[in-house]
Amino acid sequence: MPKASKFREHQQAAIKSISTEIDALEEMVIQGDILPDIESAMGRLLGIINRAKASSLVGVEQKTVFHDHIEAHFSELLVSNYKRLQHFSISNLSRINLFTGINNSGKTTLLEAIYLLSHQNDFGGLLEVIRRRGKMAEDRINPKWFIEQIPQDIDISGQFDNTASNVRIKHYEEENSRIDKSHYLESVDISSRYATTSLKSLTRIFKGRDRETQADRIKMLCPSVFSSPFFLNEPHRYAVFYYKSVQSKSLSKIIAFIREKMVGTIEDIRLADERQRFLVTDRLFKETLDLTGYGEGLQRIFFISLLFASAQNGIILIDEFENAIHTELIAQFAELIDELSKLFNTQVFLTSHSKECIDAFVKNMPQINELSVCALVENEGRIVAREFTGKAFRRLVEAGNVDLRRAK
């Protein structure tokens with residue numbers, strides 16, 4: 001039997017077995033103490049479904065990371081060519097990294113560049129970056145529009161886990177007689193390198209049919225999660241993050257923070273029903289309430305906190321961190337971010353327009369040497385970095401209440 005047929009047969013047998021066990025569970029009375037195990041299993045299944053939906057892969061093994069555990073994260077970055085960032089470099093990265101600057105200075109672009117580098121030859125990284133820019137659900141993306149959004153000749157490098165890494169992305173129309181030209185639009189070529197490992201992927205994009213990705217294998221540097229304030233209307237995307245938090249037992253820590261710092265009557269937050277709603281148990285009410293009934297600040301803190309378990313030994317990128325979060329809460333939430341980052345060995349990259357947010361991190365980081373602060377400024381027509389260690393910038397803030405957003 002051919003290898004592909006054996007693989008498909010194995011898949012079908014596994015699905016049939018799962019379905020049989022679910023039928024058995026439906027006939028049982030489920031005790032509360034095994035709910036976390038069921039939720040964890042559901043989270044793993046959702047992860048499989050989301051990976052399968054990401055793209056149509058031809059002859060490609062499951063996406064994997066290079067190493068399950070790392071000693072260090074990103075220490076240097078060089079964005080040779082990506083949108084406004086040209087020959088842009090940072091050499092002072094830490095565990096927590098805070099980027100600021102005026103509007104249109106390239107803060108979000110920098111997060112995107114880091115995300116693309118972490119994804120190496122994975123087309124899914126590019127897809128996620130562009131759909132976020134367009135504030136668009138994946139199933140609503142127009143293929144022609146998508147191609148128009150891809151910058152030409154992306155080139156990003158860095159040091160990850162003390163090892164050199166690079167990714168280059170370009171798109172073009174192939175001269176291939178075997179391609180169905182009636183539906184074919186363009187191809188996206190991604191070349192990556194990590195240490196001595198070079199990888200490529202080629203994704204063909206069609207109108208009216210699924211795209212196809214061809215590669216020997218797809219490898220990423222590490223798990224990476226991108227968060228922005230514009231995606232609170234997609235709670236279903238947080239289902240996997242929720243189940244990972246349940247599995248890691250960090251959910252209770254997150255709920256405790258919300259109860260102690262925000263709403264003292266909240267007892268629990270659970271993901272429930274087929275619509276994947278988050279339901280809140282609040283002592284003030286007899287029935288559970290939808291999480292959307294609470295303020296956007298509480299929702300944002302909850303959703304950001306869920307990300308860490310899914311990014312273990314990887315990176316988290318948070319755009320406009322302070323958005324919807326009350327000024328008085330930022331300092332306390334900064335401490336939780338620091339705690340979760342250490343718990344899951346994650347490197348955090350944040351952007352902010354707020355001086356209060358910047359000062360909150362600078363004044364409240366328990367280990368100030370693990371914070372770096374950077375302003376993106378325009379100098380002679382290009383964007384450059386003004387970098388500070390956390391310790392150095394704390395001295396500036398204490399001495400003269402410096403506003404890094406106005407850096408020159």
Side-chain angles (χ1 to χ4, degrees), residues 1-9 11-12 48-64 79-86 109 112-113 115-157 166-194 197-221 224 226 234 237:
M1 182 182 291
K3 186 176 180 181
S5 298
K6 275 190 173 181
F7 180 68
R8 185 169 182 81
E9 187 178 288
Q11 278 186 327
Q12 290 172 336
I48 293 169
I49 292 168
N50 289 340
R51 283 199 303 271
K53 286 181 176 179
S55 65
S56 177
L57 302 179
V58 180
V60 184
E61 296 178 3
Q62 183 177 338
K63 302 173 188 177
T64 57
V79 185
S80 297
N81 188 20
Y82 183 56
K83 298 183 179 179
R84 285 203 74 194
L85 301 182
Q86 303 289 318
T109 298
E112 291 174 352
Y115 190 75
L116 290 173
L117 182 57
S118 72
H119 273 257
Q120 292 287 278
N121 70 325
D122 174 28
F123 175 81
L126 180 66
L127 179 68
E128 180 69 0
V129 159
I130 289 179
R131 86 165 194 95
R132 282 181 170 277
R133 276 283 183 175
K135 300 179 178 65
M136 192 173 295
E138 186 178 338
D139 60 1
R140 300 294 295 271
I141 292 177
N142 179 286
K144 188 174 180 181
W145 171 87
F146 174 80
I147 290 170
E148 291 170 352
Q149 307 311 306
I150 306 173
Q152 283 291 350
D153 300 323
I154 299 169
D155 189 352
I156 307 162
S157 305
N166 172 260
V167 64
R168 293 181 178 177
I169 304 173
K170 59 182 179 179
H171 62 103
Y172 56 91
E173 188 173 342
E174 284 184 75
E175 297 294 333
N176 188 332
S177 60
R178 292 176 296 177
I179 299 174
D180 177 7
K181 296 291 185 177
S182 63
H183 294 92
Y184 171 73
L185 295 173
E186 274 194 4
S187 298
V188 178
D189 183 283
I190 306 179
S191 302
S192 66
R193 185 177 180 84
Y194 181 61
T197 302
S198 296
L199 297 169
K200 288 180 69 71
S201 70
L202 180 70
T203 299
R204 294 190 178 114
I205 300 173
F206 301 89
K207 183 179 180 180
R209 54 171 281 199
D210 289 343
R211 59 189 175 271
E212 295 177 352
T213 295
Q214 296 181 341
D216 290 334
R217 54 186 172 150
I218 291 177
K219 301 281 280 187
M220 296 176 287
L221 295 181
S224 56
F226 201 144
E234 292 188 330
R237 286 191 162 264

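What's counted below: heavy atoms across the whole structure, side chains too, no hydrogens, waters or symmetry copies.
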Could you tell me the separation between the CZ atom of Arg204 and the CD atom of Gln214, rounded to the nearest 0.5 Å? 4.5 Å
Quick check: do Ile218 and Leu199 have side-chain heavy atoms less than 4.5 Å from each other? no
Determine yes or no for a side-chain-to-main-chain donor-acceptor pair under 3.5 angstrom, with His171 supplying the side chain and Ile150 the backbone. yes
Asn166 side-chain N/O to Asp155 backbone N/O, donor-acceptor pair under 3.5 Å: no
Can you check whether Asn81 reaches Gln86 side chain to side chain, under 4.5 Å on heavy atoms? yes
Note: Arg209 and Phe206 closest approach over all heavy atoms is CG-CB, 3.2 Å
Salt bridge or not for Glu128 and Arg132, using N-O below 4.0 Å? yes
Charged N to carboxylate O below 4.0 Å: is that the case for Asp153 and Lys170? no
So does Tyr115 get a backbone contact from the side chain of Ser224, meaning a donor-acceptor N/O pair under 3.5 Å? no
Taking every heavy atom of Arg193 against every heavy atom of Ser198, the minimum-distance pair comes out as NH1-OG, 2.6 Å
Nearest 0.5 angstrom please: Ser192 OG to Ile169 CD1, how far? 9.5 Å
Counting C-beta onward and ignoring hydrogens, is there a side-chain heavy-atom pair between Ile179 and Glu174 closer than 4.5 Å? yes
For Leu116, the option from Val79, Ile190, Leu126 that meets side chain to side chain contact (heavy atoms under 4.5 Å, CB included): Leu126
Rounded distance [0.5 Å steps], CD1 in Ile147 versus CD1 in Ile141: 11.5 Å
To the nearest 0.5 angstrom, please state how far the CG atom of Asp189 sits from the CZ atom of Phe123. 12.0 Å
So, taking the atom named CD1 in Ile156 and the one named CD in Gln120, what distance separates them when rounded to the nearest 0.5 Å? 10.0 Å
Roughly how far apart are Arg131 CZ and Gln149 CD, rounded to 0.5 Å? 14.5 Å
